[in-house]
Asker: 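First the structure, then my questions, so here it is.
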Amino acid sequence: MAISKDIFSIQGRVAVITGGGGLMGRRHAEAVLEAGGIPVLLDVSSEALRDVAVVLHETYKEATIVSYRCDITDQAQVDAIRKEVMSDLRRIDILINNAANNPKIEIAGGLDFSRLENFPLETWQRDINVGLTGALICTRIFADAMKETGGGVIVNIASDLAMIAPDQRIYRREGLADERQPVKPVSYSVIKAGLIGLTRYSATYYVNDNIRCNALVPGGIYAGQDEGFVRRLTNLIPMGRMACPDEYKGAIIFLVSDASSYMTGSCLVVDGGRTCW
Ligand SMILES: NC(=O)c1ccc[n+]([C@@H]2O[C@H](COP(=O)([O-])OP(=O)(O)OC[C@H]3O[C@@H](n4cnc5c(N)ncnc54)[C@H](O)[C@@H]3O)[C@@H](O)[C@H]2O)c1
């Protein structure tokens, strides 16, 4: 069988992207547009959505790009969007569960609040609500829409920290006692590992509905982080650098298109080799 590049095309397919106003959400939307699809961006921040829409329209002038302010932890809001998209665009083929509360270590409510023994349960609950409950809500609501048109694809955005423990040494600050050192919050590891569980569960649950579900496991993206942090992190990465924001687009196009038609319940690790070292 000849391999046609059409297997990477998602011409006319509708792709819902949660956290569409964020750093990666915009890149997922670009990947969808490059492959001929229609991105539907959901984000709790109207401002972020507006900014991303402006950037996307500059490059993809004629393209259909849809965005909705939506809190994915609110089932009624997500369901209302499903109805609106099905009425306007008549289909939902792809869901990218990408939204998360990304804890900035430095503003986690005072450095030592990130530590396990101090980590506020309200923060834990808020993080779980977005990262796991939100993904569950979107999965079941948009999978229902996919069933109406014969199937679809779900991609859960996990992290290298779904596979390995955070190396807390890279977050260290000079001049702080050990018990006051900031750490990557426990909620992040639990949510990302949980998303791998949701991926396998959804893959088998929806297999007879022709809905595939896989996880993308990305490493850290360079976005102007502190020099010392970047040096310590890149020492843990065989390729010796963090990812550029555009470097997950190829993986996204592969996962959402027919190029990955025999793949479900799997994790695609794109991390510069970090988890193999
Ligand atoms: N940036 C990285 O280095 C990196 C590395 C590995 C994995 N990831 C994962 O990739 C995904 C995207 O990361 P990012 O760097 O673009 O983060 P980001 O913070 O830039 O974007 C996340 C977006 O989710 C939105 N959001 C938060 N709560 C929401 C809610 N309740 N409803 C709807 N939207 C909500 C935020 O407003 C934000 O725009 C996350 O799941 C993250 O954990 C990121």
Side-chain angles (χ1 to χ4, degrees), residues 16-31 40-53 55 67-78 80-81 95-105 107-108 123 125-138 141-142 155-164 166 170-171 184-185 187-196 198-199 215-226 229-230 233-234 236-237 241-249 251-252 255 267-272 274-275:
V16 172
I17 303 169
T18 72
L23 177 72
M24 282 182 75
R26 185 189 119 195
R27 272 66 185 199
H28 302 329
E30 288 170 353
V40 176
L41 310 178
L42 312 189
D43 205 290
V44 76
S45 162
S46 323
E47 206 183 346
L49 281 174
R50 216 173 22 246
D51 292 349
V52 167
V55 173
S67 45
Y68 291 98
R69 195 214 159 265
C70 170
D71 180 347
I72 58 158
T73 67
D74 181 337
Q75 203 153 213
Q77 285 186 35
V78 176
I81 285 163
L95 165 66
I96 305 180
N97 276 318
N98 167 78
N101 278 344
N102 275 329
K104 301 277 178 288
I105 304 295
I107 54 161
T123 313
Q125 205 57 64
R126 254 201 324 268
D127 291 351
I128 300 272
N129 274 349
V130 178
L132 279 180
T133 312
L136 168 70
I137 289 172
C138 289
I141 287 179
F142 294 118
V155 178
N156 292 324
I157 306 298
S159 159
D160 48 9
L161 297 186
M163 305 292 189
I164 54 173
I170 69 175
Y171 305 102
K184 188 78 172 179
S187 53
Y188 195 81
S189 291
V190 171
I191 288 163
K192 294 308 179 182
L195 280 175
I196 306 281
L198 181 64
T199 299
L216 175 65
V217 178
I221 295 177
Y222 178 69
Q225 293 93 333
D226 166 80
F229 167 78
V230 173
L233 173 55
T234 52
L236 302 173
I237 301 173
R241 64 177 180 83
M242 296 178 75
C244 302
D246 284 347
E247 286 188 301
Y248 298 110
K249 286 183 182 174
I252 288 290
L255 289 172
C267 299
L268 181 56
V269 181
V270 185
D271 67 350
R274 180 168 179 195
T275 56

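Both ligands and their constituent atoms are indexed starting at 1 by order of listing. The shown structure was predicted, so the numbers you read here are calculated from the model rather than taken from an experiment.
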Asker: For A99, take its heavy atoms, then give the atoms of ligand 1 lying under 4.0 Å from any of them.
Answerer: 24 (O), 34 (N), 35 (C)
Asker: Are any of the N/O atoms in A48 less than 3.5 Å from those in ligand 1?
Answerer: no
Asker: Determine whether C267 and I196 satisfy the following criterion, side chain to side chain contact (heavy atoms under 4.5 Å, CB included), listing intermediate values before the conclusion.
Answerer: CA-CA 8 Å; C267 299; I196 306 281; 3.5 Å; yes
Asker: Are R26 and ligand 1 in contact, using a heavy-atom cut-off of under 4.0 Å?
Answerer: no
Asker: At less than 4.0 angstrom from any non-hydrogen atom of D71, what atoms of ligand 1 do you find?
Answerer: 30 (C), 31 (N), 32 (N)
Asker: Test of understanding: given a 4.0 Å heavy-atom threshold, classify the contact between I72 and ligand 1 as side chain, backbone, both, or neither.
Answerer: both
Asker: Under a 4.0 Å N-O cut-off, is there an ion pair linking R241 with E247?
Answerer: yes
Asker: Under 4.0 Å from ligand 1, counting heavy atoms only, is it the side chain of C70, its backbone, both or neither?
Answerer: backbone
Asker: When you measure from atom 27 (C) of ligand 1 to each heavy atom in S46, A100, G19, which option holds the nearest one?
Answerer: A100
Asker: Tell me if a side-chain donor or acceptor on T18 pairs with a main-chain N or O of N98 at a distance below 3.5 Å.
Answerer: yes
Asker: Considering the heavy atoms of P218, write down every atom of ligand 1 situated less than 4.0 Å from one of them.
Answerer: 6 (C), 7 (C)
Asker: As an exercise, state the distance from OH of Y171 to NZ of K184, rounded to the nearest 0.5 Å.
Answerer: 4.5 Å
Asker: Below 4.0 angstrom from a heavy atom of Y188, which ligand 1 atoms are there? Numbered from 1 as shown, please.
Answerer: 6 (C), 7 (C), 8 (N), 42 (C), 43 (O)
Asker: Applying salt bridge (Lys or Arg N to Asp or Glu O under 4.0 Å), can you list everything that pairs with D71, at least two apart in sequence or on another chain?
Answerer: none
Asker: Nearest 0.5 Å, please: how far is CG in L195 from CG in L216?
Answerer: 11.5 Å
Asker: Please tell me whether T275 and D160 have a donor and an acceptor in their side chains that are separated by less than 3.5 angstrom.
Answerer: no
Asker: Kindly identify the option in L41, N97, V44 whose heavy atom sits closest to atom 35 (C) of ligand 1.
Answerer: V44
Asker: Check each atom of ligand 1 against the heavy atoms of G22 and keep those under 4.0 Å away; list them by number with element.
Answerer: 16 (O), 20 (O), 21 (O), 39 (O)
Asker: Report yes if some N/O of I221 lies less than 3.5 Å from some N/O of ligand 1; otherwise report no.
Answerer: yes
Asker: Does R69 use its side chain to pair, donor to acceptor, with the backbone of V44 at less than 3.5 Å?
Answerer: yes
Asker: Find the distance between CD1 (I157) and CE (M24) and round it off to the nearest 0.5 Å.
Answerer: 5.0 Å
Asker: Regarding ligand 1, does L23 bring an N or O atom to under 3.5 Å of one of the ligand's N or O atoms?
Answerer: yes
Asker: Using a strict 4.0 Å cut-off to heavy atoms of G220, name the atoms of ligand 1 that fall inside it.
Answerer: 3 (O)
Asker: Residues in salt bridge (Lys or Arg N to Asp or Glu O under 4.0 Å) with R26, at least two apart?
Answerer: E30
Asker: Just let me know how K192 lines up against ligand 1, side chain, backbone, both or neither, with a heavy-atom cut-off below 4.0 Å.
Answerer: side chain
Asker: Under 4.0 Å from a heavy atom of N98: give me the atoms of ligand 1 that qualify, with their elements.
Answerer: 10 (O), 11 (C), 12 (C), 40 (C), 41 (O)
Asker: Which bit of A158 gets closer than 4.0 Å to ligand 1, counting heavy atoms only: side chain, backbone, both or neither?
Answerer: backbone
Asker: Below 4.0 Å from ligand 1: does a non-hydrogen atom of G219 turn up there or not?
Answerer: yes
Asker: Run the contact test for V130 against ligand 1 with a 4.0 Å cut-off on heavy atoms, strictly below, and give the result.
Answerer: yes
Asker: Work out which heavy atom in D127 is nearest to a heavy atom in I191; give both atom names and the distance.
Answerer: O-CD1, 3.2 Å
Asker: Before accepting this row, confirm whether a basic side-chain N of the pair R27/D246 lies closer than 4.0 Å to the acidic partner's carboxylate O.
Answerer: yes
